[in-house]
**Q** 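The following block contains the structure, expressed as structure tokens.
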Amino acid sequence: MSHTLQSVRGMNDILPDEAEFWELFEDTVRTWLKGYGYRPIRMPIVEPTPLFKRAIGEVTDIVEKEMYSFEDSLNGEQLTLRPEGTAGCVRAVIQHGLANQIPRRLYYIGQMFRHERPQKGRYRQFHQVGVEAIGFAGPDIDAEMILMGARLWDDLGLDGIELQINSLGQPDERAQHRAALIAYLEHYREILDEDGKRRLYTNPLRILDTKNPALQEMCAGAPKLMDYLGEASLAHFEGVQRVLRDAGVPFTINPRLVRGLDYYNLTVFEWVTDKLGAQGTVCAGGRYDGLVQQLGGKATPACGFAMGVERLIALIRESGGEPAASAPEVYVVHQGAAASRLAFRVAEGLRDDGLDVLLHCGGGAFKSQMKKADASGAAFAVIIGDDEAATGEAQLKSLREEGVAQRKLKVDDLAEAIFDHLIDSDDEQEQG
RNA sequence: GCGGCAUUAGCUCAGUCGGUAGAGCACUGGAUUGUGAUUCCAGGUGUCACCGGUUCGAUCCCGGUAUGUCGCCCCA
């Protein structure tokens with residue numbers, strides 16, 4: 001195998017066995033989204049670089065070191081492969097005035113790009129299902145979005161995905177807390193480890209997440225964001241929790257849950273599993289009331305979340321999920337010039353009747369054609385040689401049933417005979 | 001971006017204390033005329049990831065690179 005041409009690091013081919021599994025997953029997801037009134041939207045994969053800088057935040061890891069940014073050599077535009085979907089979605093909503101229209105519950109499924117070091121569950125090209133609700137201010141939509149997650153895990157047959165929620169409050173509340181927290185941490189500057197010193201002014205909340213036992217006591221006494229939330233913020237958070245309790249969805253409040261993107265406020269949440277190693281978050285989101293205005297639209301509250309498709313698929317696999325084998329119903333075997341012409345007619349005719357048909361192409365002995373028919377997983381082989389071609393007939397052979405004799409039928413009678421067999425075997429399965 | 005471990009056939013993996021390599025599955029052809037999944041026989045199964053160094057000689061030892069993987073950082 002030549003190694004001069006291979007896929008870019010962290011960007012993977014999804015081969016047919018896997019891709020069929022993805023399609024099943026996407027079918028489930030689309031059905032689920034439709035059940036909540038969400039409508040699809042498809043944005044470009046490339047957006048102007050400033051969009052992401054403004055939406056995500058200049059000092060975030062994503063913008064500082066993970067974006068695939070480049071200059072369009074033809075016109076000098078600064079462009080970026082989207083590292084997440086919300087910014088582009090909000091841009092599209094503003095550009096087309098969707099906030100004033102009915103479809104304000106939107107979803108998309110597609111590739112995202114982040115230049116990180118790849119490992120299991122983290123890739124440079126990965127896929128997200130993004131769900132956005134534009135123009136909703138109350139805690140009801142936040143709660144509904146969380147409930148949606150619980151239902152999807154059920155639809156996918158997953159369990160053990162735990163819900164964590166938190167409230168970031170409003171930007172001014174968060175800023176006050178941040179200032180108090182930094183002031184508090186500065187008193188302990190000497191005992192901070194290297195990580196802590198580095199994060200003191202970039203991401204002080206993360207310091208409280210440290211696994212260093214020497215810092216635990218200091219962390220316990222740090223100012224808590226919840227104490228800085230105003231009445232309205234607390235009421236919003238309580239509103240979300242009330243719906244969750246009414247619906248019987250268990251959750252834990254994680255005061256250290258912060259999102260990596262600057263645009264979040266109030267409710268944030270994550271669905272987490274311990275079965276995927278270091279990449280345990282399969283779904284995360286929150287409220288972003290300021291983003292629409294920040295990107296040039298009129299002030300519009302909004303809320304959304306994204307799921308990592310690779311991670312969820314891995315989790316389904318971990319739970320024993322296997323794709324259903326994809327097989328045609330009929331494989332058409334033929335040999336000889338006249339038989340080949342009839343075979344095309346037969347195959348197209350059976351497809352007219354709604355059957356999935358694999359027509360053998362490429363010639364070869366009957367024997368090898370039969371091997372391929374078997375390997376295809378087809379329930380029936382239709383066999384056409386010169387004898388059959390001469391009389392407008394074909395042999396119908398069951399490949400999956402024992403003791404069923406091969407029959408010679410007029411080609412026009414094939415479909416009916418096949419359907420009879422398929423119905424019979426369905427009945428047997430139901431009775432069994 | 002940092003550290004640990006790994007890379008042998010299309011796939012899953014053996015192996016050589018340094019003397020240019022194996023198994024199973026899959027694949028191809030054959031076992032009297034035109035019939036699969038069971039059997040039998042024959043056969044590609046490969047720069048032993050790539051580049052360089054040590055050596056008479058490297059798939060094996062050493063260095064670098066690439067890719068994967070685990071953890072850190074961060075995130076879906």
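All chains are named by letter (A, B, ...) in the order of the sequence lines, taking the proteins before the strands, and each is independently numbered beginning at 1. Because the structure is a prediction, the values reported are computed rather than measured.
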**Q** How far, in whole Å, is B:U67 from B:C62 if one measures between their P atoms?
**A** 22 Å
**Q** Holding to side-chain contact (heavy atoms from CB on, under 4.5 Å), I want the full list of residues that pass it with A:Pro50, two or more places apart in sequence or in another chain.
**A** A:Pro48
**Q** Who passes ring-ring contact (aromatic ring centres under 6.0 Å, His included) against A:Phe52, sequence neighbours left out?
**A** none
**Q** Taking the side chain as every heavy atom from C-beta outward, state whether A:Glu310 and A:His127 have any pair of such atoms under 4.5 Å apart.
**A** yes
**Q** Expressed as a whole number of Å, how far does the C1' atom of B:C73 sit from that of B:C2?
**A** 8 Å
**Q** With rounding to whole Å, what would you report as the distance between B:U20 and B:G57 at their C1' atoms?
**A** 10 Å
**Q** Send over the distance from A:Glu270 CD to B:C74 C1', rounded to a whole Å.
**A** 12 Å
**Q** Listed by chain and number, what are the side-chain contact (heavy atoms from CB on, under 4.5 Å) partners of A:Glu348, not counting sequence neighbours?
**A** A:Arg351
**Q** Would you please name every residue forming a ring-ring contact (aromatic ring centres under 6.0 Å, His included) with A:Phe70, sequence neighbours left out?
**A** none
**Q** Would you mind reporting whether A:Pro255 and A:Lys224 have side-chain heavy atoms less than 4.5 Å apart?
**A** no
**Q** Using the criterion of both pairing distances under 3.5 Å for Watson-Crick and G-U wobble pairs, give all stems of 3 or more consecutive pairs involving RNA chain B.
**A** B:1-7 with B:66-72, B:10-13 with B:22-25, B:27-31 with B:39-43, B:49-53 with B:61-65
**Q** Checking A:Asp353 now: which residues fulfil side-chain contact (heavy atoms from CB on, under 4.5 Å) with it, not counting sequence neighbours?
**A** A:Ala415, A:Phe419
**Q** NA contact type, A:Glu116, heavy-atom cut-off 4.0 Å: base, sugar-phosphate, or nothing?
**A** base
**Q** Look at the side chain of A:Arg117 against the base of B:C73 and say whether a donor-acceptor pair falls under 3.5 Å; ignore hydrogens and angles.
**A** no
**Q** Taking ring-ring contact (aromatic ring centres under 6.0 Å, His included) as the test, write out the residues that go with A:Tyr228, two or more places apart.
**A** A:His177
**Q** Name the orientation class of the two ring planes belonging to A:Tyr331 and A:His360 (parallel below 30°, tilted from 30 to 60°, perpendicular beyond 60°).
**A** tilted
**Q** Under the side-chain contact (heavy atoms from CB on, under 4.5 Å) test, which residues partner A:Tyr188, sequence neighbours left out?
**A** A:Tyr184, A:Ile191, A:Met218
**Q** How many Å lie between CD on A:Glu66 and C1' on B:C74, as a whole number?
**A** 6 Å
**Q** Rounded to whole angstroms, how far apart are CG on A:Leu276 and P on B:U69?
**A** 13 Å
**Q** Within the 4.0 Å heavy-atom criterion, would you say A:Gly121 contacts the bases, only the backbone, or no part of the nucleic acid?
**A** base
**Q** Pairs in or reaching into residues 146-165 of chain A: which pass ring-ring contact (aromatic ring centres under 6.0 Å, His included), with residues at least two apart or in two chains?
**A** A:Trp153-A:Trp271
**Q** Please encode protein proximity along nucleotides 30-36 of chain B as a string of B, S and -, counting only heavy-atom distances under 4.0 Å.
**A** ----BBB
**Q** Is there a side-chain contact between A:Cys303 and A:Thr267, using heavy atoms and a 4.5 Å cut-off?
**A** no
**Q** When you measure from every atom of RNA chain B, which of residues 155-169 of chain A have a heavy atom less than 4.0 Å away?
**A** none
**Q** Mind checking A:Phe380 for me? I need base, sugar-phosphate or nothing, with any heavy atom below 4.0 Å counting as a touch.
**A** nothing
**Q** Between B:G1 and B:G24, how many Å separate the two P atoms, rounded to a whole number?
**A** 43 Å
**Q** Could you state the NZ-C1' distance from A:Lys120 to B:C5, rounded to the nearest angstrom?
**A** 16 Å
**Q** For B:G68, does either OP1 or OP2 sit under 4.0 Å from a side-chain N or O belonging to A:Arg9?
**A** yes
**Q** How many Å lie between CD on A:Gln125 and C1' on B:U67, as a whole number?
**A** 17 Å
**Q** Report which part of the nucleic acid A:Gly10 touches: base, sugar-phosphate, or nothing (heavy-atom distance under 4.0 Å, all strands).
**A** sugar-phosphate
**Q** Using the C1' atom in both, what is the distance from B:A9 to B:G4, to the nearest Å?
**A** 29 Å
**Q** Expressed as a whole number of Å, how far does the C1' atom of B:U55 sit from that of B:G18?
**A** 9 Å
**Q** For A:Asp61 and B:C2, what is the distance between atoms CG and C1' respectively, to the nearest whole Å?
**A** 14 Å
**Q** Rounding to an integer number of angstrom, what distance separates B:G44 and B:G34 when you compare their P atoms?
**A** 28 Å
**Q** Rounding to an integer number of Å, can you tell me how far A:His115 NE2 sits from B:C73 C1'?
**A** 14 Å
**Q** Work out how far the P atom of B:A37 is from that of B:G30, and round it to whole angstrom.
**A** 13 Å
**Q** Taking ring-ring contact (aromatic ring centres under 6.0 Å, His included) as the test, write out the residues that go with A:Phe380, two or more places apart.
**A** A:His421
**Q** Could you tell me the separation between the CG atom of A:Asn12 and the P atom of B:U67, rounded to a whole number of Å?
**A** 12 Å
